[in-house]
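Read through the structure below, which is laid out as C-alpha cells, and then see the notes.
Quick note on labels: first sequence line is chain A, next is B, and so on, each numbered from 1. Worth knowing before you read on, the calculation uses all heavy atoms, side chains too, and leaves out hydrogens, waters and symmetry mates.
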Amino acid sequence: MPELPEVETTRRGVDPHVVGRRILALSVHEPRLRWRVPDNLPDLVQGQRILHTGRRGKYLLLGLESGTLLLHLGMSGSLRVLAAETPRVLHDHFDLLLDSGVTLRFNDPRRFGSLHYTTENPQEHPLLKRLAPEPLDEAFNAEYLWRITRKRKVAIKQLLMNSTLVVGVGNIYASEALFRARIRPRRQARTLTRSEVARLARAVRTVLKLAIRVGGTTLRDYVGADGNPGYFKQKLYVYERAGEPCRVCATPVKQIAQGQRSTYYCPRCQK
DNA sequence: ACGCCCTCCTGTTGGC
DNA sequence: TGCCAACAGGAGGGCG
C-alpha cells in the first residue's frame with residue numbers, strides 16, 4: 001500500500017511529465033472517493049499551469065497557478081502517466097489531461113483515496129496542518145521521538161502509525177523499522193530507552209530512504225507513475241513473512257494483531 | 001490529551 | 001463448486 005516511499009516514488013515519476021504543463025481538463029468518472037470530489041473542481045483547475053509537485057506525509061501535492069491539488073492514494077490507489085488515448089479500465093476514477101497529450105490517471109479499487117483543491121496555503125489545509133514533521137527532515141530526530149514517546153502507553157508500533165506523531169509510516173514500514181531497531185512492536189512507547197529511541201528514529205529514516213531508492217514496496221496493487229512495481233518487497237525482513245526464518249537469526253517470524261492490523265516481528269532479535 | 005473503536009470500499013483468500 | 005467471513009497497504013471522526 002502506498003506509504004511514504006510509494007507516494008514519493010509516484011511524485012518523482014510524475015514530476016518531469018507535469019511541471020510546466022497546462023491542464024486541459026479534469027475528467028471525474030467516479031466522484032465517490034474517500035471524500036466526494038466536488039462537482040466544480042474541474043472548472044476550478046481547468047486551464048491552470050502546474051508549477052511544481054510536492055509531498056506532505058502520504059499526500060501528493062500539485063502546485064497550480066492559483067491553488068494546490070491534494071491527492072491521497074488511500075490503500076489501493078495509483079497515479080499513472082499515460083497517453084491520453086489509453087483506454088480506461090475498471091476503477092479508473094479521474095483523468096487530469098495535460099496539454100502534452102499525456103493524462104494523469106487515478107485508479108483505486110477500494111476508493112479510499114481522495115482529491116482536494118485549496119487556494120490557501122496547503123500546509124494550513126485541515127488534512128495537512130496537524131501532520132507530524134517529515135521523517136526525512138531534520139526535525140524528525142531522536143530528541144523529537146523521545147519527547148513524543150515519554151507519556152504514551154500506546155504500543156510503539158501503533159504510535160509509529162499515528163500521523164499526528166509520525167507521518168509516512170504505515171503498516172509495512174512500521175514493522176520493518178522496529179525490526180531494524182530491534183524493538184518489540186508491543187512495547188509501550190514510554191518504556192523505550194534513550195538508545196532505543198535513537199535506533200528507532202534512525203531506522204525509520206533508513207527504511208524509508210532505502211524503499212524510495214528501489215521504487216517502494218509492491219505487495220498487490222501498487223505501481224509507480226510508469227506502471228512499474230517497487231522492489232522493496234525483496235528487502236523486507238519481517239513483513240508478510242510469518243513462519244519464515246528471520247533473515248538475521250533464522251528464528252521463525254511471528255505475526256500478531258495490533259488494532260486490527262497485522263504486525264510481524266522476530267521474537268529473538270527484537271526485545 | 002489520550003486511547004480506542006468505527007467507518008468508508010472492493011477484491012482475494014481460506015475454511016467449511 | 002459455492003458460500004461467507006476475514007482480511008488487505010489509511011486515516012479521519014467521534015466517543016469516553
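- Closest to the side chain of A:Trp35, from the set B:dG3, C:dG12, C:dG10, is C:dG12.
- Side-chain N/O atoms of A:Tyr59 include one lying less than 4.0 angstrom from OP1 or OP2 on C:dG12.
- For the pair A:Leu73 CG and C:dG10 P, the interatomic distance rounds to 11 Å; values are reported in whole Å.
- Of the candidate nucleotides B:dC2, C:dG12, B:dC6, C:dG12 has the atom nearest to the side chain of A:Ser163.
- For C:dA5 and B:dT7, the P atoms lie 16 Å apart once the distance is rounded to whole Å.
- Residue A:His91 has its side chain nearest to B:dT10 when only C:dA8, B:dT10, C:dA11 are considered.
- Taken from NE2 in A:His116 to NE2 in A:His125, the straight-line distance is 5.0 Å, to the nearest 0.5 Å.
- Side-chain proximity of A:His72 to B:dG11, C:dG12, C:dG10: nearest is C:dG10.
- Each of A:Gln260 and A:Leu165 was matched to the nucleotide of DNA chain B holding its nearest heavy atom; the match closer to the 5' end belongs to A:Leu165.
- Residue ring and base: A:Phe112 counts as stacked with C:dG10 (centre distance below 5.5 Å, interplanar angle below 30°).
- A perpendicular orientation is assigned to the rings of A:His93 and A:His91, their planes being inclined by more than 60° (bins at 30° and 60°).
- Within 3.5 Å, no donor on the side chain of A:Arg111 pairs with an acceptor on the base of B:dC9, nor the reverse.
- Residue A:Thr217 is classed as having no contact, given no heavy-atom separation below 4.0 Å to the nucleic acid.
- By the 30° and 60° cut-offs, the orientation of the rings of A:Tyr173 relative to A:Phe232 is tilted.
- Donor-acceptor pairing under 3.5 Å is lacking for the side chains of A:Arg34 and A:His72.
- Rounded to whole Å, atom P of C:dG10 lies 13 Å from atom CZ of A:Arg34.
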